[in-house]
Structure formats: structure tokens, C-alpha cells
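First the structure, which I've put down as C-alpha cells, then a few questions once you've had a look.
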Amino acid sequence: MNKEIVDQLIKKVGTDVSGRWMSIMDVEKLIELTVRECIELIDQTPTHCAYTSYDLSIVKCTLEKSIDKLHMDFELKKHHSKDFDHDSIL
């Protein structure tokens with residue numbers, strides 16, 4: 001696991017990065033930041049592997065459904081990826 005990214009997310013939450021303790025509210029913020037980071041990565045997935053417009057529509061549909069499922073399962077409000085600011089949820 002990329003410890004640097006984990007430390008950055010923990011610092012965005014505003015809590016101790018020593019790993020000794022974290023309040024439940026901070027844990028929830030950390031999980032939300034992590035899931036949103038995953039959504040952002042999925043949203044930026046290259047679609048150049050699609051050979052036809054039909055293939056491209058399947059790829060885009062799969063990406064959209066993956067993002068929707070994460071929003072639904074983690075009960076997150078949707079943010080437009082271009083307008084998304086990680087600091088806005090803190």
C-alpha cells in the first residue's frame with residue numbers, strides 16, 4: 001500500500017498520522033476521502049482500448065455503473081469530478 005497517499009489522506013482529515021488513535025468521525029472522513037479518491041481514479045480511466053463507438057459506450061457505461069455503485073454503497077453525495085475538491089468535505 002502506498003503509505004505516502006495514506007498519510008496525505010490522514011493529514012487532510014486533520015488527525016494523528018502516528019497510527020495510535022483516530023476518532024470515529026475521523027475514520028469516517030478518512031473512508032469517505034479514500035472512496036472518493038477511488039471514484040476519481042475510476043472516472044479518469046482511459047477509454048482508448050475501445051475500438052468502436054459501441055465498445056466505447058460499453059466501457060463508459062461500465063465505468064459509470066462502477067462509480068454509481070460506490071456512491072450508493074457508501075451513501076455518498078455525487079460530486080462532479082471536474083468540480084470535486086477533497087477539502088470541501090472536511
### CG on L56 to SG on C49, rounded to 0.5 Å
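Those atoms lie 8.5 Å apart.
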### Task
Kindly give the heavy-atom pair with the smallest separation between L9 and L33, and that separation in Å.
O-CD1, 3.7 Å
### Any residue meeting side-chain contact (heavy atoms from CB on, under 4.5 Å) with Q8, in chain and number order, not counting sequence neighbours
E4
### Query
Nearest 0.5 Å, what's the CG-CD distance between L41 and E37?
5.5 Å
Output side-chain donor-acceptor pairs under 3.5 Å for residues 57-67, partner residues at least two apart or in another chain, one line each.
from: S57; atom 1: OG; to: Y54; atom 2: O; distance (Å): 2.6
from: T62; atom 1: OG1; to: I58; atom 2: O; distance (Å): 2.9
from: S66; atom 1: OG; to: T62; atom 2: O; distance (Å): 2.9

### By side-chain contact (heavy atoms from CB on, under 4.5 Å) - contacts of D55 (at least two apart)
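Scan of D55 (side-chain contact (heavy atoms from CB on, under 4.5 Å), adjacent residues dropped) gives A50, Y51, T52.
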### Query
Can we say R36 and E40 salt-bridge, meaning some charged N sits less than 4.0 Å from an Asp/Glu carboxylate O?
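Answer for the salt bridge query: no.
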### Task
With sequence neighbours excluded, tell me which residues meet side chain to side chain donor-acceptor pair (under 3.5 Å) with E75.
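If we apply the side chain to side chain donor-acceptor pair (under 3.5 Å) test to E75, skipping adjacent residues, there are no hits.
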### Task
State, with a plain yes or no, whether a side-chain heavy atom of V27 is found less than 4.5 Å away from one of V13.
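V27 does not reach V13 side chain to side chain.
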### side-chain contact (heavy atoms from CB on, under 4.5 Å) partners for K69, two or more places apart
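Expected list: M72, D73.
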#### Entry: Pair K3 + D7: basic N to acidic O under 4.0 Å
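A salt bridge is present here (some side-chain N lies under 4.0 Å from a carboxylate O).
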### Task
With rounding to the nearest 0.5 Å, note down the distance linking CD1 in I39 to CG in D68.
9.0 Å
### Message
For a 4.5 angstrom cut-off between non-hydrogen side-chain atoms, does L70 reach I42?
### Response
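Yes, side chains in contact.
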